[in-house]
Amino acid sequence: MRTKLERIRADIEALAAFNATPGEGLTRLSFTEEHRKAAQYITEQMQQAGLAVRTDAVGTIIGRMEGTDPAAPVVMCGSHFDSVKNGGNFDGPAGVITGLETARVLHENGVVPKHPIEFIAMIEEEGARFGAGLFGSRAMTGRLGEQELATFTDPDGITTGQAMRAFGLDPAHYADAVRKKGEIKNFIELHIEQGPILENSGDAVGIVETVVGIKEVEVTVTGRPDHAGTTPMDMRADAFLVAAKTAIAANEAAVAVGEGTVATVGKLEVRPGSFNIVPGKVVFYVDIRSKSTDCIEAVLAAVTAKLNELTAGNGALSYALRMMVETKPVQADPHVCDLLAESAEKLGLTSRRMLSGAGHDAMIMADITNIGLVFVPSRGGRSHCPEEWTDYDLLQNGIETVCETVQRLACE
Ligand code: GLV
Ligand code: MN
Ligand code: MN
């Protein structure tokens with residue numbers, strides 16, 4: 001192997017140290033001190049690999065290796081380095097480190113590609129701070145809007161725009177991050193699988209053919225706060241009860257439509273939030289995913305039908321929906337998939353074609369370029385939790401596959 005296991009281990013461990021919740025998994029939210037320190041580490045590593053490094057208008061770090069034809073479209077490779085709350089060390093960083101290690105290998109082997117290569121590290125992919133996610137890639141593809149920067153807030157009420165400003169970025173310039181169609185030849189992302197398929201099959205790498213579509217809807221149910229001891233059960237406007245029954249309806253609808261469709265309520269806030277007050281307001285999120293757009297729409301229709309049913313006939317109950325994230329199912333580029341499979345084979349690694357149930361920056365980048373997405377095994381299929389783990393040698397298999405493929409794409 002041309003990549004070095006010790007460097008991969010050192011990168012994972014170094015990034016894992018920039019963590020707001022040591023001992024309780026990794027928490028690295030966007031535009032925080034942990035973000036700043038991780039960005040500094042990534043920038044230094046990119047510079048040492050001979051890359052020209054800049055940060056785009058929304059905070060994505062871009063390290064560029066020039067090609068012999070500087071006007072040729074760019075081959076881009078990377079992932080994100082923000083995390084969920086109390087997550088693991090691999091979701092995102094594995095792909096960022098893939099870029100770092102590929103850059104080092106090309107640099108030390110004196111490879112001068114025809115196409116420029118940009119190694120990137122994005123932020124707020126998880127949406128763990130402001131609720132929307134895929135932020136760096138949406139900015140790059142022109143999907144980010146002024147409205148979002150001004151109105152999406154973290155739990156302290158700080159808008160994305162305010163957080164950017166405090167971090168030293170000017171939110172007014174967000175559109176400068178946009179890259180034009182044709183400017184990027186390919187986007188290649190490595191990610192941990194976050195599920196059990198590769199571990200069970202024993203294959204070294206997964207080559208994603210389809211990424212599911214996602215709808216993430218914020219639901220605000222307004223009821224009426226009343227005394228929990230004195231208000232008879234038939235005189236309440238309990239916002240939590242509406243939310244709970246809607247969550248069950250979403251779950252049942254996902255099971256009913258099938259085709260691997262999933263629906264999750266993973267975030268819910270009860271206000272005012274006291275054991276002795278009937279809930280007056282609840283804000284919760286329904287995350288719906290499927291490879292079939294029709295199935296996503298069917299679950300969303302079941303959710304709204306349930307909300308209508310539960311709020312009808314009680315003047316004190318109402319609800320509002322806000323779409324936070326909306327993506328269609330996306331296909332990876334067949335040529336890139338074939339190249340990834342050939343690279344794996346050349347390295348003596350087994351691969352299998354897969355579906356991704358998780359969202360990734362690559363699926364957004366598919367708006368403007370041909371994408372490839374590579375998975376490596378996750379121990380026990382666990383992810384978005386402190387136990388998330390991939391053995392370093394298994395990660396190295398994926399990195400080596402990407403390294404080989406990026407070189408081929410940049411030289412063809
Ligand atoms: C990110 O991990 C997502 O799939 O939402
Ligand atoms: Mn994630
Ligand atoms: Mn991720």
Side-chain angles (χ1 to χ4, degrees), residues 12 15-16 19 25-30 35 38 42 60 77-99 120-138 143 152 187-195 197-198 206 208 210-218 254 260-267 285-291 296 323-330 354-366 371-378 381-390 395 398-399 402:
I12 289 281
L15 285 173
N19 177 12
L26 176 73
T27 304
R28 187 165 52 239
L29 303 188
S30 303
H35 167 177
I42 292 164
T60 295
C77 173
S79 190
H80 64 97
F81 66 101
D82 63 305
S83 79
V84 291
K85 287 185 205 159
N86 307 107
N89 295 345
F90 294 82
D91 178 356
V96 171
I97 288 165
T98 300
I120 58 121
M122 289 177 169
I123 50 148
E124 194 59 7
E125 188 272 348
E126 302 286 5
R129 181 161 180 195
F130 301 102
L134 303 158
F135 183 75
S137 49
R138 286 191 296 114
R143 286 199 197 199
F152 285 22
F187 181 85
I188 309 298
E189 180 169 8
L190 175 140
H191 207 280
I192 54 165
E193 181 202 334
Q194 311 180 273
I197 294 173
L198 288 172
V208 174
T210 307
V211 186
V212 295
I214 303 176
K215 275 200 175 174
E216 187 203 334
V217 195
E218 180 193 72
T261 305
V262 292
T264 308
V265 174
K267 186 174 172 187
Y285 292 76
V286 187
D287 180 288
I288 311 166
R289 303 181 183 209
S290 181
K291 60 179 188 284
I296 294 175
M323 193 60 72
M324 303 298 285
V325 168
E326 191 170 10
T327 66
K328 296 221 157 28
V330 160
M354 296 185 70
L355 170 78
S356 172
H360 297 292
D361 287 310
M363 76 194 186
I364 303 296
M365 295 303 288
I371 65 153
L373 178 58
V374 177
F375 282 169
V376 288
S378 290
R382 304 287 310 282
S383 183
H384 282 188
C385 56
E387 293 78 14
E388 178 181 278
W389 185 261
T390 296
L395 173 55
I399 296 180
V402 169

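Order of appearance sets the numbers: ligands from 1, and atoms from 1 within every ligand.
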Side-chain touch [X]/[Y], heavy atoms, less than 4.5 angstrom:
X	Y	value
Leu29	His35	no
Val217	Met323	yes
Val325	Asp287	no

>> Among the N, O or S atoms of His80, which one sits nearest to the Mn ion (ligand 3)?
In response: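 The Mn ion (ligand 3) is closest to the His80 atom NE2, counting only N, O or S.
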> Side chains of His384 and Asp91: do they bring a donor and an acceptor to under 3.5 Å?
Replying inline: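 Yes, because at least one side-chain N or O of His384 sits under 3.5 Å from a partner of the opposite role on Asp91.
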> So, Glu189 versus Ser79: side-chain donor-acceptor pair below 3.5 Å or not?
Replying inline: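 Glu189 vs Ser79: donor-acceptor pair found between side chains.
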>> I'd like to check which ligand 1 atoms, numbered from 1 as shown, lie under 4.0 Å from a non-hydrogen atom of Ala358.
In response: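 Counting from 1, the qualifying ligand atoms are 4 (O).
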> Going by the atom numbers of ligand 1, which of them fall below 4.0 Å from some non-hydrogen atom of His384?
Replying inline: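 Taking each heavy atom of His384 in turn, ligand 1 has 1 (C), 2 (O) under 4.0 Å.
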> Does any N, O or S atom of His191, backbone or side chain, fall under 2.8 Å from the Mn ion (ligand 3)?
Replying inline: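 Short answer: yes, at least one N, O or S atom is under the cut-off.
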> So is His360 in contact with ligand 1, going by heavy-atom distances below 4.0 Å?
Replying inline: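 No, His360 has no heavy atoms under 4.0 Å from ligand 1.
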>> For N/O/S atoms only: which one belongs to Asp91 and is nearest the Mn ion (ligand 2)?
In response: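 The Mn ion (ligand 2) is closest to the Asp91 atom OD2, counting only N, O or S.
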> Can you tell me the protein heavy atom closest to atom 1 (C) of ligand 1 and the distance?
Replying inline: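 Looking only at protein heavy atoms, the one closest to atom 1 (C) of ligand 1 is Glu126 OE1, 3.2 Å.
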> For atom 5 (O) of ligand 1, which protein heavy atom lies nearest, and how many Å away is it?
Replying inline: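 The answer is Arg289 NH2, 2.7 Å.
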>> Given the Mn ion (ligand 2) as the apex, I'd like the angle to OE1 of Glu126 and NE2 of His384, rounded to 10 degrees.
In response: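 With the Mn ion (ligand 2) as the vertex, the angle is close to 90°.
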> Is atom NZ of Lys85 surrounded by more than 12 heavy atoms (other residues, nucleotides or ligands) closer than 6.0 Å?
Replying inline: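 Counting other residues, nucleotides and ligands, NZ of Lys85 stays at 12 neighbours or fewer.
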> Counting distance only, does the side-chain N/O of Thr98 pair as donor-acceptor with the main-chain N or O of Ile399 below 3.5 Å?
Replying inline: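 No, the answer is negative, given that no donor and acceptor are paired below the 3.5 Å cut-off.
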